[in-house]
*Asks:* 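Here's a structure for you.
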Amino acid sequence: MTREAQVTRNTKETQISLKLGLDGSGKNSLDTGVGFFDHMLDGFARHGLFDLDVKVKGDLQVDDHHTIEDTGIVLGTAIKEAVGDKKGIRRYGSCILPMDECLVLCAVDLGGRPYLSFDGEFTSEKIGDMSTEMVKEFFYAVSYTASMNLHIKVLTPGNNHHMAEAMFKSFAKALDMAVAFDPRITDVLSTKGSL
């Protein structure tokens with residue numbers, strides 16, 4: 001079974017084409033027009049071992065908001081489609097990830113109820129060409145379109161680049177754990193019998 005999804009979304013603000021493979025090797029091709037965001041998506045793909053192709057043409061003459069938020073919407077949609085019926089997967093995943101002086105916790109539940117808890121503050125308005133406020137907006141968009149419960153918490157703050165990178169990488173590791181198959185799970189991991 002190949003767990004992949006290809007999603008296209010076109011609006012007046014953004015045109016996005018994204019392909020995601022959950023059982024990949026981390027290979028990726030990224031072009032969002034926002035260099036630091038590409039760097040974050042590269043870390044997500046490599047450390048989650050997800051194959052990821054993203055092409056975005058956004059209204060960057062306005063700012064980076066639509067480009068990053070809409071990419072989150074499309075990635076969340078792709079995660080939901082690629083996971084499928086959730087039979088046999090672990091459902092839950094978590095990671096506490098260090099990035100030099102920073103330490104970030106991420107926990108994921110693919111139980112079908114969207115929620116984002118985001119606890120982290122940046123001390124600069126931008127990292128490279130990406131607005132720091134868009135980090136939370138990205139994860140909000142992913143969590144709601146993927147119907148996942150997502151918690152991200154900065155345990156030890158520090159350099160803004162390091163905090164953002166630790167968020168994306170810990171999310172990758174937690175998601176990789178949540179989508180992994182466990183041979184002991186023969187149906188969906190739920191007392192309700194469905195997710």
*Asks:* If you measure from CG on Leu30 to CG on Leu41, what distance do you get to the nearest 0.5 Å?
*Replies:*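 Going from CG on Leu30 over to CG on Leu41, the span is 5.5 Å.
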*Asks:* Are Val34 and Phe122 connected into the same hydrophobic cluster when the rule is that any two of I, L, V, M, F, W, Y join if their side-chain heavy atoms are below 4.5 Å apart?
*Replies:*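 Yes, Phe122 connects to Val34 through the hydrophobic network.
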*Asks:* Centroid-to-centroid, His47 to Phe168, below 6.0 Å?
*Replies:*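 Centroid distance His47-Phe168: not below 6.0 Å, so no.
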*Asks:* Just one of Phe36, Phe37, Phe118 clears the ring-ring contact (aromatic ring centres under 6.0 Å, His included) bar with Phe138, so which one?
*Replies:*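 Per the ring-ring contact (aromatic ring centres under 6.0 Å, His included) rule, the option paired with Phe138 is Phe37, out of Phe36, Phe37, Phe118.
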*Asks:* Between Thr132 and Ser124 (side chain of the first, backbone of the second, donor and acceptor by atom type, cut-off under 3.5 Å), is there such a pair?
*Replies:*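 A pair under 3.5 Å: yes.
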*Asks:* Of all the heavy-atom pairs spanning His161 and His39, show the shortest one and how long it is.
*Replies:*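 Closest pair (atom of His161, atom of His39, distance): NE2-NE2, 3.4 Å.
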*Asks:* Is the side chain of Lys86 donor-acceptor paired with the backbone N or O of Leu110 at a distance under 3.5 Å, no angle test?
*Replies:*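 Indeed, once roles are kept as given, a pair shorter than 3.5 Å links the two residues.
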*Asks:* Do Met40 and Met167 pass the side chain to side chain contact (heavy atoms under 4.5 Å, CB included) test, and can you show the C-alpha distance, the side-chain angles, and the key distance before you say yes or no?
*Replies:* CA-CA 9 Å; Met40 294 299 97; Met167 288 176 187; over 6 Å; no
*Asks:* Can you tell me if Ile96 has over 12 outside heavy atoms packed within less than 6.0 Å of its CD1?
*Replies:*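 Not more than 12 within 6.0 Å, no.
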*Asks:* The test is side chain to side chain contact (heavy atoms under 4.5 Å, CB included); show your working for Ser147 and Lys80 and say whether it passes.
*Replies:* CA-CA 7 Å; Ser147 296; Lys80 189 172 187 175; 3.0 Å; yes
*Asks:* Counting only N and O atoms by type, is there a donor-acceptor contact under 3.5 Å from the side chain of Asp59 to the main-chain atoms of Val62?
*Replies:*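 Flag not set: sc Asp59 to bb Val62 has no pair under 3.5 Å.
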*Asks:* Drop me the distance from Ile73's CD1 to Glu137's CD, to the nearest 0.5 angstrom.
*Replies:*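 CD of Glu137 is found 10.0 Å from CD1 of Ile73.
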*Asks:* Answer whether the closest heavy-atom distance between the side chains of Ser170 and Leu105 falls below 4.5 Å.
*Replies:*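 Contact flag for Ser170/Leu105 side chains = no.
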*Asks:* In terms of hydrophobic clusters joined by side-chain contacts under 4.5 Å, are Ile79 and Phe181 together?
*Replies:*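 Linked, Ile79 and Phe181 end up in one cluster.
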*Asks:* Return yes if some donor-acceptor pair links the side-chain N/O of Asn28 with the main-chain N/O of Arg46 below 3.5 Å, else return no.
*Replies:*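 A pair under 3.5 Å: no.
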*Asks:* Checking the side chain of Asp129 only, and the main-chain atoms of Gly35 only, is there a donor and an acceptor separated by less than 3.5 Å?
*Replies:*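 Yes: the side chain of Asp129 pairs with the backbone of Gly35.
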*Asks:* For residues Asp38 and Thr32, is any side-chain donor paired with an opposing acceptor at under 3.5 Å?
*Replies:*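 A pair is found: one side chain offers a donor N or O, the other an acceptor, under 3.5 Å apart.
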*Asks:* Step through the shown structure and confirm whether more than 12 heavy atoms of other residues, nucleotides or ligands are within 6.0 Å of OH on Tyr115.
*Replies:*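 Not more than 12 within 6.0 Å, no.
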*Asks:* Do Phe50 and Phe44 make the cut of ring centroids closer than 6.0 angstrom?
*Replies:*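 Yes; Phe44 has its ring centre under 6.0 Å from that of Phe50.
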*Asks:* Under a 4.5 Å cut-off applied to non-hydrogen side-chain atoms, are Leu52 and Leu75 in contact?
*Replies:*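 Yes; the side chains approach each other to less than 4.5 Å.
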*Asks:* Rounded to the nearest 0.5 Å, how far does CG of Asp176 lie from CZ of Arg90?
*Replies:*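 Between atom CZ of Arg90 and atom CG of Asp176 there are 9.0 Å.
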*Asks:* For Gly48 versus Ala172, what's the shortest heavy-atom pair and its separation?
*Replies:*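 That would be N-CB, 3.5 Å.
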*Asks:* With rounding to the nearest 0.5 Å, note down the distance linking CG in Leu189 to CG in Asp109.
*Replies:*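 It comes to 9.0 Å.
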*Asks:* For the residue pair Leu18 and Ala78, what are the closest heavy atoms and their distance?
*Replies:*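 Result for this residue pair: CD2-CB, 3.6 Å.
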*Asks:* Hey, mind stepping through Thr123 and Asn160 against side-chain hydrogen bond (donor to acceptor under 3.5 Å, both in side chains) and telling me if it holds?
*Replies:* CA-CA 7 Å; Thr123 58; Asn160 290 290; 2.9 Å; yes
*Asks:* For residues Met134 and Tyr144: do they belong to one hydrophobic cluster (side chain heavy atoms under 4.5 Å, members Ile, Leu, Val, Met, Phe, Trp, Tyr)?
*Replies:*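 In one cluster with Met134: Tyr144, yes.
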*Asks:* Does the side chain of His162 come within less than 4.5 Å of Glu101's, by heavy atoms?
*Replies:*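 SC-SC contact between Glu101 and His162 confirmed.
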*Asks:* Side chains of Leu116 and Lys136: closer than 4.5 Å at any heavy-atom pair?
*Replies:*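 A side-chain contact under 4.5 Å exists here.
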*Asks:* Looking only at heavy atoms, which two atoms of Ala82 and Ala5 are closest? And how far apart?
*Replies:*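 Closest heavy-atom pair between Ala82 and Ala5: N-CB, 3.9 Å.
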*Asks:* Mind listing the closest non-hydrogen atom pair of Val108 and Ala178 along with its distance?
*Replies:*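 Looks like CG1-CB, 4.1 Å.
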*Asks:* Passes side chain to side chain contact (heavy atoms under 4.5 Å, CB included), Asp85 versus Val188? Steps please.
*Replies:* CA-CA 8 Å; Asp85 63 12; Val188 293; 5.8 Å; no
*Asks:* When you group the ILVMFWY residues by side-chain heavy-atom contacts below 4.5 Å and let the links chain together, are Leu97 and Phe139 in the same group?
*Replies:*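 Different clusters: Phe139 never reaches Leu97 through Ile, Leu, Val, Met, Phe, Trp or Tyr contacts under 4.5 Å.
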*Asks:* Would you give the length of the straight line joining atom CG of Leu22 to atom CD1 of Ile89, rounded to the nearest 0.5 angstrom?
*Replies:*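 The CG atom of Leu22 sits 9.0 Å away from the CD1 atom of Ile89.
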*Asks:* Decide if atom NZ of Lys27 counts as having more than 12 heavy atoms of other residues, nucleotides or ligands within a radius under 6.0 Å.
*Replies:*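 No, because the 6.0 Å sphere around NZ of Lys27 holds 12 heavy atoms or fewer from other groups.
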*Asks:* Please check: side-chain N/O of Ser143 versus main-chain N/O of Asn149, any donor-acceptor pairing under 3.5 Å?
*Replies:*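 Here the side-chain-to-backbone pair does not exist.
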*Asks:* Please tell me whether Val142 and Val83 are part of a single hydrophobic cluster in this structure, the criterion being side-chain heavy atoms less than 4.5 Å apart.
*Replies:*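 Same hydrophobic cluster.
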*Asks:* Looking only at atom types and distance, does a side-chain atom of Ser94 sit under 3.5 Å from a main-chain N or O of Ala107, one as donor and one as acceptor?
*Replies:*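 Absent.
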*Asks:* Any sub-3.5 Å donor-acceptor pair from Arg3's side-chain atoms to Val179's backbone N or O?
*Replies:*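 Yes; judged by distance alone, with no hydrogens or angles, the pair exists.
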*Asks:* Can you find a heavy atom in the side chain of Met99 that is under 4.5 Å from one in the side chain of Val104?
*Replies:*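 No, their side chains stay 4.5 Å or more apart.
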*Asks:* Quick one: CE on Met163 to CD1 on Ile127, what's the gap to the nearest 0.5 Å?
*Replies:*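 Rounded to the nearest 0.5 Å, the CE-CD1 separation comes to 7.0 Å.
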*Asks:* Would you mind reporting whether Val74 and Thr71 have side-chain heavy atoms less than 4.5 Å apart?
*Replies:*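 Of all side-chain heavy-atom pairs linking Val74 with Thr71, none is under 4.5 Å.
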*Asks:* Just do the side chain to side chain contact (heavy atoms under 4.5 Å, CB included) check on Met130 and Val135 with the steps written out, would you?
*Replies:* CA-CA 9 Å; Met130 179 173 168; Val135 174; 3.8 Å; yes
*Asks:* Side-chain contact, heavy-atom cut-off 4.5 Å: Leu150 with Cys106?
*Replies:*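 The answer is yes, as the side chains (C-beta and beyond) meet within the 4.5 Å cut-off.
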*Asks:* Does Glu13 CD have over 12 foreign heavy atoms under 6.0 Å away?
*Replies:*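 Yes, because the 6.0 Å sphere around CD of Glu13 holds more than 12 heavy atoms from other groups.
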*Asks:* Closer than 3.5 angstrom, by distance alone: can the side chain of Asn10 be matched with the main-chain N or O of Gln15 as a donor-acceptor pair?
*Replies:*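 Looks like no, no N/O pair under 3.5 Å.
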*Asks:* Looking at side-chain heavy atoms only, is the closest gap between Ser190 and Arg91 below 4.5 Å?
*Replies:*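 Counting from C-beta outward, Ser190 and Arg91 do come under 4.5 Å.
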